[in-house]
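So the structure is just underneath, and the comments pick up after that.
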There are 2 protein chains.
Amino acid sequence: MELMATKPRRAPRRTQALSKDVIVRAATELLDAEGENALTLRALTVRLATGYGAIYHHVADRDDLLGAATDDIIGRMVTGLATDAEPRQALRSLALGLFDAIDAHPWAGTQISREPWRPALLDIYESIGRHLRSLQVPERAVPGSAGVLVNYILGVAGQNAANARALADGKTDRSAFLATVATRWAHLDPARYPSLHKAGAHLRDHDDREQFLAGVDLILAGIETVHRPGKDDLP
Amino acid sequence: MELMATKPRRAPRRTQALSKDVIVRAATELLDAEGENALTLRALTVRLATGYGAIYHHVADRDDLLGAATDDIIGRMVTGLATDAEPRQALRSLALGLFDAIDAHPWAGTQISREPWRPALLDIYESIGRHLRSLQVPERAVPGSAGVLVNYILGVAGQNAANARALADGKTDRSAFLATVATRWAHLDPARYPSLHKAGAHLRDHDDREQFLAGVDLILAGIETVHRPGKDDLP
DNA sequence: ACCTGAACACCGTTCAAGT
DNA sequence: ACCTGAACACCGTTCAAGT
């Protein structure tokens with residue numbers, strides 16, 4: 001009758017064994033290509049030619065997967081830094097490295113703060129703390145100062161992630177997006193938003209990355225001013 | 001004839017007319033009571049004794065609702081501040097007000113950066129910009145300085161939101177949670193995380209709010225150091 | 001141990017139909 | 001204009017069954 005047709009054979013078994021690493025890599029590719037919402041379990045099974053259970057055998061749940069992907073990116077970034085630089089320059093390199101990593105993987109920006117006990121955030125704190133000590137920041141001022149830097153970096157990271165989300169919808173590119181925001185600010189009611197109204201004009205030609213680094217320098221200047229070594233260690 | 005039997009009557013009409021305001025208020029109550037995941041359209045229809053369409057008639061979608069609830073909280077906070085304070089103190093009050101608002105409504109912490117064109121963030125930028133001008137920060141340094149403060153505040157806000165999410169699961173309270181984190185840090189491998197290992201001991205008795213304010217002061221010190229009025233306005 | 005995929009318990013959103 | 005609620009098109013996660 002009609003059963004000549006190929007009977008619905010099972011999907012062929014994967015040739016390469018599955019592992020958390022392989023899954024995390026595939027998830028990262030999906031996230032980079034299409035944004036956070038594109039990471040669905042369904043999309044992963046298709047890309048990896050496997051079933052749901054196989055994935056859940058290596059990974060606790062979707063959050064665990066997002067966290068592992070973030071740890072991977074941040075960890076690689078932090079350990080990849082030159083270790084012999086002058087401390088102030090090392091701190092700037094670390095900050096810029098984080099900025100660039102999050103610029104390349106914006107979904108990771110929100111993820112770092114989402115599960116604060118994960119290696120991604122621990123690595124950042126650790127690295128910043130170490131550099132601050134090299135900068136002669138007094139021991140008792142290190143945790144607080146590191147906290148300020150970390151929170152500033154996470155704030156910028158979150159904004160970058162939000163911008164990327166906004167860009168993912170349309171096919172507008174980054175500079176067109178900035179121009180739109182600038183125009184919108186310039187058109188804000190000058191009575192309610194006089195400050196932003198003025199700033200709108202300057203927003204168009206500002207460099208996120210440069211601005212970010214200026215912020216890091218500003219905070220470092222604050223740390224040095226407030227915690228000048230020896231400032232209140234002597235009577 | 002036979003219509004004596006109660007026919008499955010429709011749900012009674014709401015007595016009070018629906019409005020965006022009423023919906024936003026109900027959403028805020030759900031969010032405060034049970035966290036971000038508790039805000040489902042279904043839960044809203046139950047609480048408001050209405051249907052899905054009624055809600056979508058006043059609100060674009062779930063994101064719009066979250067954004068409007070955040071705008072409401074931040075807007076009320078910003079406009080509620082005393083307007084006659086000394087500028088430095090005004091800046092500290094604003095920062096503390098934001099901290100407390102986000103502490104009371106942690107879900108708003110992540111929301112502020114999520115849609116950066118919404119009034120919540122604009123109000124914050126505007127207010128900070130105004131105060132910085134009163135502080136005699138030179139005009140061209142205002143946008144950058146405001147950006148540093150805003151990003152720091154958003155970073156802390158995001159962390160608070162993450163902590164609240166972690167607390168929502170179990171019934172652990174805040175100090176127990178901090179103690180857990182402190183213990184975990186203290187137990188970290190001292191070889192990989194020497195800096196955190198040391199900090200773990202101090203984490204237990206630190207006051208988030210106080211630490212946050214110290215961070216604001218540190219950044220203000222940085223702004224004053226880097227942009228001392230007249231510093232490079234004169235030749 | 002490792003994997004498959006149907007089934008379950010949810011979501012946000014739409015829309016023809018009601019008042 | 002304002003509202004109702006069944007229906008649609010998705011989700012993440014589980015689990016009996018396979019190898």
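Residue numbers begin at 1 in each chain, while the letters A, B, ... track the order of the sequences. Worth saying up front: this structure is predicted, and the values here are computed from it rather than measured.
Distance, A:L44 CG to D:dC11 P: 12 Å, rounded to whole Å. As rounded to whole Å, 14 Å separates atom C1' of D:dT4 from atom CG of B:L48. We find that OH of B:Y52 is positioned 10 Å from P of D:dG5, with the value rounded to whole Å. Taking atom CG of residue B:L30 and atom P of nucleotide C:dG12, one finds them 11 Å apart after rounding to whole Å. Rounded to a whole Å, the CG atom of B:L66 is 12 Å from the C1' atom of C:dG12. Following rounding to the nearest Å, B:H57 (NE2) and C:dG18 (P) show an atom-to-atom distance of 18 Å. Rounded to a whole Å, the CZ atom of A:R42 is 18 Å from the P atom of C:dC8. Rounded to an integer number of Å, the gap from CD1 of A:I55 to C1' of C:dT4 is 12 Å.
Within a heavy-atom distance below 4.0 Å of DNA chain C, no residue of residues 32-40 of chain A is found.
Salt bridge status for B:R25 with B:D72: absent, with no side-chain N to carboxylate O gap under 4.0 Å. With salt bridges taken as basic N to acidic carboxylate O contacts below 4.0 Å, one links B:R47 and B:E29. A salt bridge is defined here as a Lys NZ or Arg NE, NH1 or NH2 lying under 4.0 Å from an Asp or Glu carboxylate O, and B:R114 with B:D63 fails to meet this definition. Ionic pairing of B:D100 and B:R209 is present here: one or more N-O contacts between side-chain nitrogen and carboxylate oxygen are shorter than 4.0 angstrom. A salt bridge links B:R118 and B:D64; the closest N-O separation between the charged side-chain nitrogens and carboxylate oxygens is under 4.0 Å. Electrostatic pairing of A:E115 and B:R165 does not count as a salt bridge here, judged by no charged N lying under 4.0 Å from a carboxylate O.
B:H58 has no side-chain polar atom (N or O) that falls below the 4.0 Å cut-off from OP1 or OP2 of D:dA1.
Distance from the side chain of B:Y56 is smallest for C:dG12 among the nucleotides C:dC3, D:dT13, C:dG12. With distances taken from any side-chain atom of A:A54 to the nucleotides C:dG12, C:dT4, D:dC3, the minimum falls on C:dT4.
Secondary-structure annotation of DNA chain D gives the stems C:4-8 with D:12-16, C:12-16 with D:4-8, with a stem taken as at least 3 successive Watson-Crick or G-U pairs whose two distances both fall under 3.5 Å.
If you find the closest nucleotide of DNA chain D to B:S19 and to A:R62, the one lying nearer the 5' end belongs to B:S19.
Checked against the 6.0 Å centroid criterion, the rings of A:Y152 and B:Y152 do not qualify as a close aromatic pair. Between B:Y193 and A:Y125, a ring centre-to-centre spacing not shorter than 6.0 Å is recorded.
Contact between A:G215 and B:V148 at its shortest, heavy atoms only, is CA-CG2, 3.6 Å.
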